[in-house]
Structures are given as structure tokens and as C-alpha cells.
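Chain A is the first sequence line, chain B the second, and so forth, proteins listed ahead of strands; every chain is numbered from 1.
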Amino acid sequence: MSSREPSHQSAQRPSGESTASPAESPADRLASGLSPAHTPSALQVERERFRRRQTIRSVLVAAISTGVLGVLAYVALTGAPGWDRVRESFLDPQVARDSLPTILSGLWLNIRLLLACAAGALLLGLVIAFLRTLRGPVFFPVRALSTSYTYAFRGVPLIIVIYLMALGVPGLRLQGTPGVVVLGAAAIVLTYSAYLAEVFRAGIESVHPSQRAAARSLGLSYRQTMRFVVLPQAVRRVSPPLLNDLVAMQKDVGLISLAGPIDAVRAAEISVGTTYNFTPYVVAGALFVALAIPLVAVTDWVTLRAARRQSAEGSA
Amino acid sequence: MSSREPSHQSAQRPSGESTASPAESPADRLASGLSPAHTPSALQVERERFRRRQTIRSVLVAAISTGVLGVLAYVALTGAPGWDRVRESFLDPQVARDSLPTILSGLWLNIRLLLACAAGALLLGLVIAFLRTLRGPVFFPVRALSTSYTYAFRGVPLIIVIYLMALGVPGLRLQGTPGVVVLGAAAIVLTYSAYLAEVFRAGIESVHPSQRAAARSLGLSYRQTMRFVVLPQAVRRVSPPLLNDLVAMQKDVGLISLAGPIDAVRAAEISVGTTYNFTPYVVAGALFVALAIPLVAVTDWVTLRAARRQSAEGSA
Amino acid sequence: MPTTPRESASRSTPAASAGPSTTHVLECRDVWKTFGRRPGTPVLRGIDLDVAEHEVVVLIGASGSGKSTLLRCVNLLEQVSDGTIRLDGEEITDPRADADRHRQRIGLVFQSFNLFPHLSVLDNVTLAPRRVHRRARGEAEQAAMELLTRVGLADKAREYPDRLSGGQQQRAAIVRALINSPRLMLFDEVTSALDPELVGEVLALVGDLKQDGMTMVIATHEMGFARRVADRVCFLDRGVILEQGPPEQVLDDPVEPRTRQFLRRLVDDPGAATS
Amino acid sequence: MPTTPRESASRSTPAASAGPSTTHVLECRDVWKTFGRRPGTPVLRGIDLDVAEHEVVVLIGASGSGKSTLLRCVNLLEQVSDGTIRLDGEEITDPRADADRHRQRIGLVFQSFNLFPHLSVLDNVTLAPRRVHRRARGEAEQAAMELLTRVGLADKAREYPDRLSGGQQQRAAIVRALINSPRLMLFDEVTSALDPELVGEVLALVGDLKQDGMTMVIATHEMGFARRVADRVCFLDRGVILEQGPPEQVLDDPVEPRTRQFLRRLVDDPGAATS
Amino acid sequence: PEKSSTDSGGEPAATSPGASASGTGATCAKDSLDLHTAGTLTIATDQPAYEPWFADDDPSSGKGFESAVAYAVAKKLGFSAAEVTWTRVRFNNAIQPGPKDFDFDINEFTITDERRKAVDFSSSYYDATQAVVALKSSKIANATSVADLEDAQLGAQVNTTSYNVITDVVRPTKQPRVYPNNDNARQSLANGAIDGLVVDLPTAFYMTGAQLENATIVGQIEQRSGTPEQFGLVLDKGSPVTGCVTQAVDALRADGTLDKLADTWLADVADAPVLR
Ligand SMILES: Nc1ncnc2c1ncn2[C@@H]1O[C@H](COP(=O)(O)OP(=O)(O)OP(=O)(O)O)[C@@H](O)[C@H]1O
Ligand SMILES: Nc1ncnc2c1ncn2[C@@H]1O[C@H](COP(=O)(O)OP(=O)(O)OP(=O)(O)O)[C@@H](O)[C@H]1O
Ligand SMILES: [Mg+2]
Ligand SMILES: [Mg+2]
């Protein structure tokens, strides 16, 4: 019997294996007792040498051309008539050092605002999304209200909401009007909750009806189905756009400075105003990038994973 | 034989039908010669009457409670000590009329900028996404460059990019430096192309590898596969986030006013500054909403359709 | 062991099986279902179906004949357009009835598994006991592990559904429905999304349930399976039960030409069941 | 009409079939494929397979035995880890070869159809002729319509794939591969994603192709189909062709105990093929 | 358009003490003032505070014209330098209606009737005119009349009287550029993005003297009314101390302190030509 086997695999398959139980998985079968190592043929060795040469050649070409391009760009930039002035006014290390502390303390306001506004907007957005997905004529007024809300606050520029909230509302001199920072944060929450509500809604609607049917068939009520089955899946599905909105929010919270509080950009602006040098903007930009990179990286990773999973589902 | 049939359907199924060809679809079968009308039983009539009563009752309850709530809110609002002041400083029709022309001419700048920047950012974003998805060590420098690009420009607040581009770059005094509006628009394109590149990339990666395999197996080259098979599907899949970014862009193009040009928000600010009345902000906000509603509605519709289609795919 | 089905002969006129009978677990009387605006497309056109305790009824019929719709009506996932459905003599189609309570007593297993992808197998199975029946986590998990062990999934309890083969997913879905100790189990094409090699495990499990005396209604395209497990086979055609009786009679010697035609087509087909 | 396969007996040692022979459309010599980092998991372990003109070879074997991987290697969607594959005597595994050109001469049809969802059936079919072979739209569409008419899809030419049944989609996918007039058609489980009722149409089409003398390699789980269409059946086990020969011999009277075991399991299974 | 005023009173508060503070010496005693923070005088200005009005963005130094004026007013009201607290409020926000976090704000605010609808002003502590700054290479560097500016691209800070001068007096054919602050405006001028920048005259002197190379003051622009602009201290609408602050400013003007401080800190405005 073993003479019928191809010569390559003389003793790989112990005959005891062939009576394994039917439940044995393909992976088990592959793993069991097969010689994993294979000595490449001369042809294959030659092929691989050829491929390696090809790769090295193209990498070299690419690297050299990139290098040449880079050098050319550098020469063009630094040779420009205004380059010295640019370096002085955008890249002055002394100014950078001097402006750093105030920009950092502004950034601290950004971070605190981001945390507070993100929490508020996520919560409010979830509630509004939930209201917007209620079915039946009974909930028409609620649905209509929440729909108008999302349309209005996605349509209005955040700047205007901040102006109205943080400058307009205190002008009414109503009892118990909170401070400017709170009002500005409220404006951010109002605007972003409208965006997040739509993201959540897309997630809720994207959960297949069969999931609801399965949950209801187990005896779960509408609310239980929402809470334990639909929402967890919805949030997972829309995590990429959610994170994207948080990245955008990270930068938009700074607009509160229009109402007075000094955030990082405003701090940079003040430094620019006193030093007549634009380096503080560059410093603030670099700080923002440093702050955003983890968030952006997480977003990318989640997006890709979601996209891959989705496409894996789609293929079946 | 007909005596074996349930009494409900005396002559619905002509015997000739039962020898129909096997390719006949279920829908054909259902449609063919069956009496569509069914006379509801007394029980069913009673049930439906009960359900109708229930619905009417809940709608009434909802309508009344909404009405009561609305009236209460209205009374509370208009009766509030500051209501007259609110109406005067936020909703003054005379001020609205006076400020409208300048705000409209500011809005015209927003619209033109939006069209130009959207076109530019979509194109640049697509190119960068394409570069970022190239495989193989040969393309490492290109990939690295485009990746850093997307990280940097998604991280830096648009304000800072505008400052650097529209106030900093002219300082280079290079020959042929374009005007402030063009530079500001370039800043917007730089920032948004980074976002859009990531959206496109997610779309490209979400097209299942089996689609590429199918295209390659037909003999299409890598570029042809990208162009005719992958990109069309990718763009379709990511149209909701793409549209979302365009809505956001519609509002962000106004930030160009930091460099001098008067957009709608700035025009409103000038009106507010001369009238000391916040109505112009409300007017500008309303105009933005009016402008955004079509775009937002299209976005919602596309998002929902995509979500539904995706979930339909996922269930199989 | 399953009891012998009370009615082994073909019952065709509604009168023959009408009238409430408390020994039936399920009683469908003249059930109609139309979709769309009135008058709408009728999908079920006066179904009468009684299922005795421990009986296994298999629904066969062409695609679109209404098998899934009937099962969904029984589980109250669809509202019937007319007629009544009783469970243990209690009318569950009454609009005043608490649908959630009735659903808890009926287990439904879907063709496409419909496991919750964000929960582990164990959490899938214990969701209803914990949230609906308010049982403690420990207690619910113990019960779940017992059932999972029985179907050979004990080692997969902590896995997520995506990581399981189709057959394993389907068994988990069956356990999820079983843990509520339903009076009645409904199976809708539980094997047609599976590779041929995975079908066996699920069918074996259904056979076990039959041994345990579970009352079941099963929609399937697998004639071999219908033959083995059914006490009674019902042939649905365009929303009507055209013929029913013991499997040997309906499958091997059908009275209706339509049934004969349907079965012939299946046998011709090399991909379909054996004889 | 298909020619009789040149070798009808079981060939087992590589020596017996070694040496280039121009009368073979496909010649695989000692093909290895490993996945992952070296040394990697070997999935194909020295496959030797020659396919003569007009011959139909059916690959059977358990899930994971490497059937799909072999077909993907032949179509150059995977790079072989060792060995050579020749098409009409020309080595296509040579790294200097133009893979796109070789792929055009081999049609591959996938289990999951893989039609392009954004293109109509007609555009799916004419994509390769127009973009690869640079034929005019009118000309390409005329050729496409002829083939679509032959498979009964002429009226669906303007539909999008989503709107078609699985069987129709699969037929469209076959037409898409056929329009390039390939020397060799590869089919990978083309029916296993289909409902039993849809399987027939696709199998009939493959039968037609055999009548026309198309050279084909078919991976399948449908033993009934293998029996009907194959000139030669190859049983793959863990990346090795363990046994091959005419269908009657391999399916009814296998030499290898492993083959016997595999076939027994399928027959036991009520969902699987008939005998 | 003269709209009916807010609920704080039918008539706008005048330069002279209004009803809210019946300016007798007795009520302006230090201890009887109703201040934002009792015992200290809270004074606001923008950040950064620009030269020549302040020095080194440090209003508490007493250096710079407005810093010196602020301390002089404080002294008149009976506050020592130690009893003065400085706070920062954006220029645009200080003149919005709404509660204020300061007793008065000193930040080159021009007294206008429109602004009076939102805030109170003290009497004027400085009379200023607006001026056009341009690069020496600019096409308007040698303009001699307002008409010469017609085709120029002008710019100004938003919500300043400088901007109003452009739109009301110069009326150029090109829409003016508007900047959120003078830094952006100055940079744009240096970049050549605008031909001329309108600022108040002392600022114009400072810019051409210290901030911009190759820049020049093209000339002063007279308001259409013919009278110069008056800078006043900004107070909350209906502030209880408006009267007392006005009294203090009036006293400083009367005893020549204001002129003396202007001589010390501001360039001689007479040098700039006037554009007709
Ligand atoms: N929600 C719905 N709206 C409209 N028509 C529906 C709906 N659900 C089912 N139908 C229609 O009802 C008919 C019966 O469908 P059903 O799913 O019950 O058939 P089935 O016997 O289960 O078929 P299969 O064997 O394919 O599962 C079909 O024609 C289907 O199109
Ligand atoms: N890209 C890959 N990376 C790693 N392993 C792979 C890859 N593709 C296939 N395999 C492995 O190779 C083995 C053979 O897979 P293949 O798809 O060829 O089997 P098959 O015979 O077609 O099985 P089936 O009948 O289920 O289609 C499997 O164990 C699979 O996990
Ligand atoms: Mg069904
Ligand atoms: Mg396979």
C-alpha cells in the first residue's frame, strides 16, 4: 500500500491515524505526524534567488528616486529667497521653548474639555438615536423632535453655536446662568451629540432584523433586545466613525476660546501676538499631532479590522 | 381530489398549473390563479377593532402629552424673566433683514470654496489612499510618506494649517505665490484630503480579496483590477463617511476668514458687532442649516441604505 | 421515547381536526397570513395544524410555500392575519395576550443560526435565563454547561460564534432555544446553511431531542431527514397543507399530483436527498 | 464529445507521469505549497497531475485537503512553493513569466460566485474581453449575449448580480470565465453555496461543457456529480493525491482505506450524495 | 437704526454721570463702591496687550499709556497699585452684552452709540484718529487723499472702528479683509496680501516704528463727523460705578494728567498727514 504513495512522503501518515474519529478537524489531520519540513528543489532555489534580486533592484530604484526627489525639494525650499525669514518666523527654537509652557497649559484645557464633552455627547447622542429609532405612530412627536435636532445641529457651524451659547446666553442675565466654559462645552455637546446620534442610529439600523427576531423569540422584551443585543452590536459596528468624530472633537473643543477661555491654539496665538513670530503655531500643531496620533492609530486599526470583518461576513 | 383540499380554497389551483415547468419561480406560483382576497373572520374583525382602539388611544395619549408638554415649555420659556430680552437679542426681524445681504454674500464665498475644496480634497485623497495601499517592499517609501501625511494632517487643527499656509507661506516671497483665498483653500484641501484618504483606504481594504482574485483570474492587471473592480466598490461602500466629511467641510471652509476674507460667519460677526444683537448669528445658522439639509438628507439616506445592504449581506 | 402521533392518517378538512383539545400542545386553526397592504399577498391560506405532545411534525414544500412564515407566526414574530393559534389550549394570537411570555415557551431555531456575535456561546445561551427568567448567573451557567456538554460543545463555551463551524453554531443555537425548557421547538431549515459534512451533527442532535420526547415542528428540504425523524409529514403548497400523513405514505406514495411532482424534482436532483 | 482520458488506470508514482508531454493541457510536477513563515504549514505536498485535452478531472477529498489551493496555484493566484506547472507545455510558474497572460487562458469559477456586484451581468461578462483583450464593446457584448443565451440568462443580462438567484449567479460566473475561450476551466465547489434546487442548473451547464470537449478540473463534494461527469477522479488527502482512476473504481471500489473511510462518511450522511 | 433700549433704562448712559450713579463725591468714596470684588479694583484688557498702550503684555507694570491711565484712575478712586487686579477679556467679548468679570476694561474702545446699547462708557481719556499703514513699496504709500485709496485692498480688525472707517469713509471698491486680531492683519500687510491696514494712529506709529520694516503711515483719516474718536473705559451696562469712574477720568483730564501721560507714552500724532 505504501508503494502507492508518492515518493515524497514515505512515512508521514501512520496508518493508525486513518481511523481517526469523524469529528477530527482538518487542522488536526494536517498537524498530526506529517513532516512539516520540505527541502526546496534546485529549481525553487533558483526561482527564489531570482525573486530576491528583482526585489532588491526595485527597492534600490525606489529608494534612490525618493532620495533624489527629497534632495531636490530641500534645495528648492531652502534656496527660496524668503527661506531665512521663514525659518526665523516659523522655526525659532528660543520662541518655541518660551511659548511651550503657556501652550501646554492651554492644551490641558483642551484635554479636560475633550473628556467632558465626549462623555456628554456620547450619552446625549445615544439617547437621541434611540428616540429616533422608535417605531409606531405613538412616538411620532418624539421622532420628529429628535430628527429636527439632528438636522439643525449638524447643519449649524459650531462657531455659531458657541457664539450664541457663550456670548448670547449670558447677555440674557437669567438666574443661575453657568460660566462661559460650561456654556461653551454645552455648545460642543449640542453639536457633536447630533453627529454621534446619527452614527449610533446607523449602527442600530445596521443590526440585522434577524438578530432582533432571535432575541424576541427567546422572550426578551423590546427594551431588553435593544439593550443586550442591538446596542452592543451597533456600537461595535460604528466604532470607526465614532472614533473619527472624537478625533475631530479633540480639535474643535478649542473653538471655545472664541468665548474667552485660553486653549492651546489661543495660547499660541497670544504668543504669536507678543513675539511676532509664528513658531508657537508650529509648536501647538506638533503637540496636537502628538496627542492625536494614539487616537488616530486606534481609529485606523479599528476601522481596518471592522472593514475586514465586514468583508469576511459579506463573502461567506 | 378536490374534497381533500381545505374548504377555504375551492377553485384556486387550476390543475393545469401543477405541471408547470420546474424553473417557475415561487412568486409566479403564488401569483398564478390564486384568489387574493380573503374575507376576515368575525374574530379577526374584532381583533382588528381592538388593535385600532389601542392605537388610537396611545396616539391620543402621546399627542395630548406632547401638546401639554409643548404648551408648558412655551409658557415656561416665554414667561421666563428674560424671554423678552431673548426675543429681542436673538430674534429681531429688523436686524435679520438688515444683516441678510452681507451674510448672503459671505455665504457665496463659502459655497464656492466648498465646491473647489471638495473637488481638490477628493482627488488628492484618492491618490494618497491608493499610494497607501500599495503592497511590497518596493513601495515602502511611498507608503511611509503617505502614511505620515495622513497622520500629520488629521492631527493638526485646521486653524493652524490655515495660519501657516495663508499667513506663513506668503512670507516666503516665492515667485507666483497665489492669493490668500487660494492658499487658505489649499490648507483646507491638505487637511481634508488626509481624512478622505483614510476613508477611501478603508473602502479599498473592505473590498473582499475574493473580488481581486476574481478580477485577476480573468487576466486583469493590478491597475485594471483597482480601477474597474476595487475602486468602484470601495467608493460605493464609503459614501456615507465621505458625505459626512463633506458636510463637515461645508462648515470648516469658513475658517478661511482667519486670513482675512469675509465668509458668512464673519459677516454675521460684523453685523453683531455693529448692532449688538445676536440675530445675525441666528440668521447665519439658519442659512447654514438650509444649505446643509439637502446634503445631510442625502447622507442619511445613503448611510441607511448602505447599512441595510451590509446587514443583508451579513445575514445570508 | 416519543409517543405515537395521535393522528397518523391524512387529515384534510378543517372540520376533522377542529375544536379545542387540551391534549394538543399546538393548535392552529384556519391561520391566514398576508403580506403588504390589503388585500395583500396571501402566504398562508387557512392552515389547520394540530401537534400532539411528543409529536414531531415535519413541514416540506417548495421554496416560498410558506414554511418559514408558518413557524414565525407560531412564534408570534409575525401577526397572523386571521385564525387562531393555541399553545397548550391557551390562545396566543389574542391581541391582549403577553407575546413575550408566550414566546418564552416556544423555542425557534433559524436557518442562519442568528447567534449573537458579540456574546460568547455561554452568554448567548444564558442571556434569556438571566434577563427574562432572572436566574442567577451561576445557576444559569451551570444549566447551560450541562446542555452544552450534552451536545459536545462544552469546550467551546467561552468561544465567540465566529470561531465555530456552522454545525457547532447551529448546535449552540439549538441549546440557546432549549434552555428555556420550551413546550414546543420549531426548526426552520436548520441544516441548509451547513456544509454536507456539518449537517450530520445537527441532525443527530434533533434525533436525540425526539428520543427525549420533545414536541417539534421542523421545516426542511432534507427528505432523508424527514423520513427518519417525522411522526407526520405535512406538504405545504402555496400556503395550504395539501397533504399530510406518516412519512412513508407522503414521501413514497403521495396522493396529490403536486406532491408527487415536488418529490420527483428533488429525486432527479443529484444534490438532493437519497431514497 | 470528450475524448477518453489517456490514462484511465490509477497512476501513483511521479515517475510514471513525469517528463513534458505536449499533448497535455495541464501538467503539474511535484507541486508544493506551504503557507506562513518558513518552514510553514504544507498544504500541497508534491502534487503530480496531468490533464489531457478534453479530459475532465474531478478532485474529491475532505475539507482542508487542498483542493482549492491546488486550483488557485494552477491559476497563479497563489505562488507555488516548489515544483512546476505547465499549460500547453509552457511553464507558467516561471517567475519571469507574465502571469496575467497565463491567467487569461485559464478560467476559474469560485464557490462564492465572486461576481462584481457593481456591474450588470453583461458588464461582468464583457469586462475581460473589453479591458484585457481590447475588443470593442459591441463585439464583446454580442459574444457575451450568445453565451448568456446558451445558459438561459439572456433576459438577465442587464440585471445586477444581487437580483439573481444563486444558480443564475453561478451560471453568470461560468460565462464570465468562458468568454475568454480558456484552454482549461477550473471549478471550485461551484454548487456548494447553492440551495439544492439551484444545484441542477449549474451541473447541467458543466455537463454541456463536457459535451463540447472543454478540458476541466473540478473540485467538488457532490459524489453523484463526480460520478456522472468525471473521466478521472482524484482523491486528495492532506495535500497528496492518494488515489486516482475512473470514477467507478475510485468511488465504488477504492483501494486506499482512507478513501473508503471518506466515502463511507459521506454515504452515512443523510444530507450528502446518493449512491 | 435707533432701537428701543434694554430694560436697564430708557436712555443710554451719558458721558456725564447717569441715573445709576448720582455722582456726588460722597458716594464715590472707596468703601462705598459696589465692585466686582469688594476691596479691589478689577481692570480688564485683552491678551496680548499691545504696545504702545501697554508694555511687554504686562498691564500691571504701569508702563504704556493705558496701563498708566488705569493706575491713575485707580488712584483717583482711592485704590493703591496693590489694590488693583488685572484680568484678561477678549476685545470683542468685552463689548458684548452680558455680565462682566471686571469693574472696567481699558482696551482702546471707541465710544459709539451702538456700543452704548450693550455697555456703559466712561468719559473719554484719549482722542484718536484712524490711520492707514502701508509698506513703502505699496502702490498707496504715496496716497494723499481718501480717493487714492479707492482701488486698494484694505484690511482691519473685526468689530473695530477701524473697519467702520473703511466701510463708511473710504468705501473702497474691493471688499476689505477682516482679521480676528491685529497680528493676523499685520502679517498680511507684511506678506503683501493687503495694500493698507487701518488702525488707530498710536498703534500705527508703533507698528511702523517697531513691528514692521519698510512700512509707513500713509495718513490719518478723519471721521465723517469731523470730530475725532474718543476712547473710553468700558463698564458693564448699568454698572453702579460708571459715574464715579467718569468723575475720575474727568478729574484726570482737568488736571492735565492725561495729556502728560500721552506725551510720555504716545508718539506725537501731529506728524501724520491727513488724507482729505
Ligand atoms: N416580510 C415579508 N414581506 C413580504 N413577503 C414575504 C415576507 N416574508 C415572506 N414573504 C413571502 O412569503 C412567501 C413564503 O415565504 P417563506 O419564507 O415562508 O417560504 P418557505 O416555505 O420558508 O421557503 P424556503 O423553503 O425558501 O425557506 C414567499 O413568497 C416570500 O416572498
Ligand atoms: N491563505 C492561507 N493561509 C494559511 N492557510 C491557508 C490559506 N489558504 C488555505 N489554507 C489552509 O490550507 C488548507 C487547505 O485549504 P483548501 O481551501 O485548499 O482546502 P479544500 O480542500 O478546498 O477544502 P474545502 O473542501 O473545505 O474547500 C486548509 O487547512 C486551510 O486552512
Ligand atoms: Mg424558509
Ligand atoms: Mg475549497
Side-chain angles (χ1 to χ4, degrees), chain A residues 55 58-59 62-63 66 80-83 85-86 89-90 137-141 151-152 154-160 163-164 168 171-174 198 202 205-208 210 240-241 247-248 251 254 265 278 281-282 284-285 288-289 292-293 296 300 303-304 307-308 310-311 313-316, chain B residues 55 58-59 62-63 66 80-82 85-86 89-90 137-141 151-152 154-160 163-164 167-168 171-174 198 202 205-208 210 240-241 247-248 251 254 265 278 281-282 284-285 288-289 292-293 296 300 303-304 307-308 310-311 313-316:
Chain A
T55 308
S58 351
V59 169
T66 313
W83 170 244
R85 210 156 352 121
V86 168
S89 35
F90 288 96
V138 182
F139 297 107
F140 176 75
Y151 268 61
R154 283 189 298 165
V156 185
L158 177 57
I159 295 187
I160 291 185
Y163 276 140
L164 290 176
L172 300 174
R173 301 190 186 237
L174 295 173
E198 286 307 289
E205 308 252 0
S206 79
V207 174
H208 197 266
S210 67
V247 172
K251 303 186 295 181
V265 175
F278 283 88
Y281 283 141
V282 177
F288 269 101
V289 171
I293 277 181
V296 169
D300 283 359
T303 310
L304 270 193
R308 293 222 175 96
Q310 174 197 332
S311 62
E313 274 172 18
S315 79
Chain B
T55 307
S58 359
V59 169
T66 313
R85 255 172 300 153
V86 170
S89 45
F90 290 104
V138 183
F139 296 108
F140 176 76
Y151 270 61
R154 284 189 297 166
V156 184
L158 177 57
I159 296 186
I160 291 185
Y163 274 140
L164 294 178
L167 297 180
L172 285 172
R173 315 223 162 207
L174 293 172
E198 287 307 288
E205 308 253 359
S206 79
V207 174
H208 198 266
S210 67
V247 172
K251 303 186 297 180
V265 176
F278 285 91
Y281 284 141
V282 176
F288 271 100
V289 172
I293 277 181
V296 170
D300 283 359
T303 310
L304 269 192
R308 292 221 176 94
Q310 173 196 335
S311 62
E313 274 171 19
S315 77

* Structure fact -> Correct closest heavy-atom pair for Gly155(A) and Ala292(B) would be CA-CB, 3.7 Å
* Asked: Can you name the closest pair of heavy atoms from Pro157(A) and Val265(B) and give their distance?
  -> CG-CG2, 4.5 Å
* Which residues pass the side chain to side chain contact (heavy atoms under 4.5 Å, CB included) test with Val247(A), sequence neighbours left out? -> Leu295(A), Val296(A), Thr299(A), Tyr195(B)
* To do: Determine, step by step, whether Tyr151(B) and Ile293(A) satisfy the side-chain contact (heavy atoms from CB on, under 4.5 Å) criterion, reporting the C-alpha distance in whole Å, the side-chain angles of both residues, the deciding distance to 0.1 Å, and the verdict.
  => CA-CA 7 Å; Tyr151(B) 270 61; Ile293(A) 277 181; 3.8 Å; yes
* Structure fact -> ring pair (Phe, Tyr, Trp, His ring centres under 6.0 Å) filter on Tyr163(A), not counting sequence neighbours, yields Tyr281(B)
* Structure fact -> Rounded to the nearest 0.5 angstrom, the CD1-CZ distance for Ile160(B) and Phe288(A) is 6.0 Å
* Answer yes or no: is there a donor N or O on one side and an acceptor on the other, between the side chain of Lys251(B) and the main chain of Ile159(A), under 3.5 Å? => no
